[in-house]
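Working notes, structure below.
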Amino acid sequence: MSESRNPMAVAENVSSCSLSAMWDWSHLSLSGTPPAVPLLDAAADLLVLERNFAASLGICERGLQILSAEPTDAKCEQVKTSLCVVAIQCLVELGRWREVLPWLIQYYQTPQEMPYNIMEMCILLYGKVKQPQVMLEVSSDWLQVQANRLLPNCCRVAELHLLHILLPLGLFSDAEVLAQDSDVFTEKQRHIALALVSEHRRQWEEYEAAAATERDEHSQSESMGRTGKVQTRIQNVAHLLLRALGMIAGIIRRTPFRNAALAVLLITIILLRLDPASPAAYGPISSLLLLIRQTIASIFQRHPSRQL
């Protein structure tokens with residue numbers, strides 16, 4: 001099974017991000033608010049301890065429904081984020097990673113409103129399964145929102161967007177623009193990012209050049225192969241024609257000349273589909289008779305002793 005189709009392989013790649021975010025809400029249960037916190041505890045236990053992913057996902061969805069009816073505050077937003085983190089992990093474990101982004105859209109009006117840790121998980125997930133184009137517009141738009149750019153973790157999202165989205169897609173110009181963004185990266189980080197983009201561009205160009213050379217060689221090989229096949233067929237046809245002509249020549253040598261001339265005349269009439277009584281056949285037949293007479297005359301001229 002390929003890595004992009006293996007739920008466990010994908011889960012391992014996002015687990016460090018999801019588990020660290022999961023425990024951010026643990027202190028909220030002490031205050032007893034918001035009301036979805038007990039469901040969050042239950043969902044986490046089902047995910048981590050019992051590995052009952054379908055049940056854990058169902059509890060997350062129930063908790064999100066409860067939160068949707070509650071007034072929005074910082075604690076509710078934190079619990080909502082944690083429920084989404086657990087649910088993403090469950091979807092990945094169930095092999096339903098394609099549903100992650102559509103599933104999240106149900107609970108956030110726009111992807112730009114997603115918290116940074118959910119955005120990190122999505123970038124890691126779709127980069128891991130070799131589908132970076134899915135997140136290209138989403139993460140690009142998220143990084144353009146001024147409120148998101150002011151977050152302390154914006155640099156981490158930008159770094160993941162650069163490494164797992166832009167560079168794998170060969171979008172080096174966009175990667176250079178992001179790497180030079182002083183609002184996102186420090187001077188040292190910009191220097192490292194630009195060097196990384198330059199190295200990936202060099203590797204990409206070398207790969208494309210090697211691939212183009214291989215395609216040209218393959219095309220030339222196919223062309224030579226086709227030419228060789230055509231030449232072989234021509235040689236086979238020529239060999240068959242030579243054999244046929246040899247057989248005809250042998251038959252003619254063993255056949256009286258008049259019978260051979262008559263046979264040639266009949267064959268010509270058949271091949272040309274001529275009616276000897278038709279005026280249209282007069283020209284070809286006359287030409288054939290004239291040719292036969294000229295041939296007989298030339299033979300007798302070379303062998304005068306055989307005159308009749």
Side-chain angles (χ1 to χ4, degrees), residues 3-4 9-26 74 77-78 80-82 84-86 88-89 92 97 100-101 104-105 108-210:
E3 187 178 60
S4 63
V10 176
E12 289 174 1
N13 197 66
V14 298
S15 60
S16 60
C17 180
S18 62
L19 290 176
S20 62
M22 203 185 304
W23 307 130
D24 290 344
W25 49 260
S26 58
E77 285 299 319
Q78 190 174 1
K80 179 181 179 179
T81 299
S82 299
C84 289
V85 167
V86 176
I88 291 172
Q89 189 76 10
V92 172
W97 54 267
V100 168
L101 196 57
L104 288 170
I105 298 300
Y108 292 94
Q109 293 183 356
T110 63
Q112 291 77 27
E113 297 180 4
M114 294 180 187
Y116 71 89
N117 46 4
I118 291 181
M119 187 59 58
E120 289 178 10
M121 289 186 67
C122 290
I123 293 174
L124 287 171
L125 168 63
Y126 285 99
K128 184 69 174 180
V129 297
K130 310 301 183 186
Q131 297 291 327
Q133 68 277 4
V134 175
M135 287 298 299
L136 176 60
E137 184 176 355
V138 175
S139 53
S140 297
D141 292 345
W142 191 94
L143 289 169
Q144 296 302 317
V145 177
Q146 186 62 30
N148 294 333
R149 294 170 67 86
L150 297 175
L151 296 173
N153 298 89
C154 179
C155 176
R156 173 63 177 166
V157 176
E159 177 186 347
L160 294 176
H161 178 67
L162 180 72
L163 292 175
H164 299 281
I165 306 299
L166 297 179
L167 293 182
L169 291 174
L171 301 175
F172 301 111
S173 297
D174 294 341
E176 287 178 345
V177 171
L178 179 60
Q180 294 172 351
D181 194 335
S182 58
D183 293 336
V184 176
F185 297 115
T186 64
E187 182 178 355
K188 182 178 180 180
Q189 289 172 333
R190 292 197 300 271
H191 178 74
I192 295 173
L194 286 172
L196 185 64
V197 172
S198 178
E199 176 63 18
H200 274 75
R201 185 197 295 272
R202 183 187 64 79
Q203 294 178 359
W204 183 283
E205 291 174 350
E206 289 180 355
Y207 174 79
E208 289 293 322

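All values derive from a computational prediction rather than experimental measurement.
Using a 4.5 Å heavy-atom threshold, the side chains of L196 and L163 count as touching. Looking at heavy atoms from C-beta onward, P132 lies out of side-chain contact with H164 at the 4.5 angstrom threshold. Contact check for Y126 versus L136: no side-chain heavy atoms found under the 4.5 Å cut-off. Side chains of L143 and C154 form a contact here, defined as non-hydrogen atoms less than 4.5 Å apart.
No donor-acceptor pair under 3.5 Å is formed between the side chain of W142 and the backbone N or O of N148.
How far CE of M114 is from CE of M121: 11.5 Å, rounded to the nearest 0.5 Å. In this structure, CD on Q180 lies 13.0 Å from NE2 on H191, to the nearest 0.5 angstrom. Atom CG of residue L125 and atom CD of residue Q89 lie 9.5 Å apart, to the nearest 0.5 angstrom. L171 CG to Q133 CD: the interatomic distance, rounded to the nearest 0.5 Å, is 10.5 Å. Annotation: the span from I118 atom CD1 to S82 atom OG amounts to 8.5 Å, rounded to 0.5 Å. If you take CG on L160 and CG on L166, they are separated by 11.5 Å, rounding to the nearest 0.5 Å.
When all heavy atoms are compared, the tightest approach of P168 to W204 is O-CZ3, 3.6 Å. Of all non-hydrogen atoms in E159 and F185, the two that sit nearest each other are N-CZ, 4.0 Å. Across every non-hydrogen atom of V157 and M119, the tightest pair is CG1-CG, 3.8 Å. Among all heavy-atom pairs drawn from L178 and A158, the shortest one is CD2-O, 3.7 Å.
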Steps toward side chain to side chain contact (heavy atoms under 4.5 Å, CB included) verdict (F172, L167): CA-CA 6 Å; F172 301 111; L167 293 182; 3.9 Å; yes
Determine, step by step, whether H161 and M135 satisfy the side chain to side chain contact (heavy atoms under 4.5 Å, CB included) criterion, reporting the C-alpha distance in whole Å, the side-chain angles of both residues, the deciding distance to 0.1 Å, and the verdict. CA-CA 9 Å; H161 178 67; M135 287 298 299; over 6 Å; no
Where do N117 and N153 land on the side chain to side chain contact (heavy atoms under 4.5 Å, CB included) test, with the steps shown first? CA-CA 8 Å; N117 46 4; N153 298 89; over 6 Å; no
Run the side chain to side chain contact (heavy atoms under 4.5 Å, CB included) test on C122 and L104 for me, step by step, so that the C-alpha distance in whole Å, both residues' side-chain angles and the decisive distance to 0.1 Å come before the verdict. CA-CA 10 Å; C122 290; L104 288 170; 3.5 Å; yes
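The list of salt bridge (Lys or Arg N to Asp or Glu O under 4.0 Å) pairs with a residue in residues 160-178, not counting sequence neighbours, reads E176-R201.
In this structure T186 satisfies the side chain to side chain donor-acceptor pair (under 3.5 Å) test together with Q189, sequence neighbours excluded. Residues meeting the side chain to side chain donor-acceptor pair (under 3.5 Å) test with Q203, sequence neighbours left out: E199.
Residue-environment remark: CD (E187) stays at or below the threshold of 12 foreign heavy atoms within 6.0 Å.
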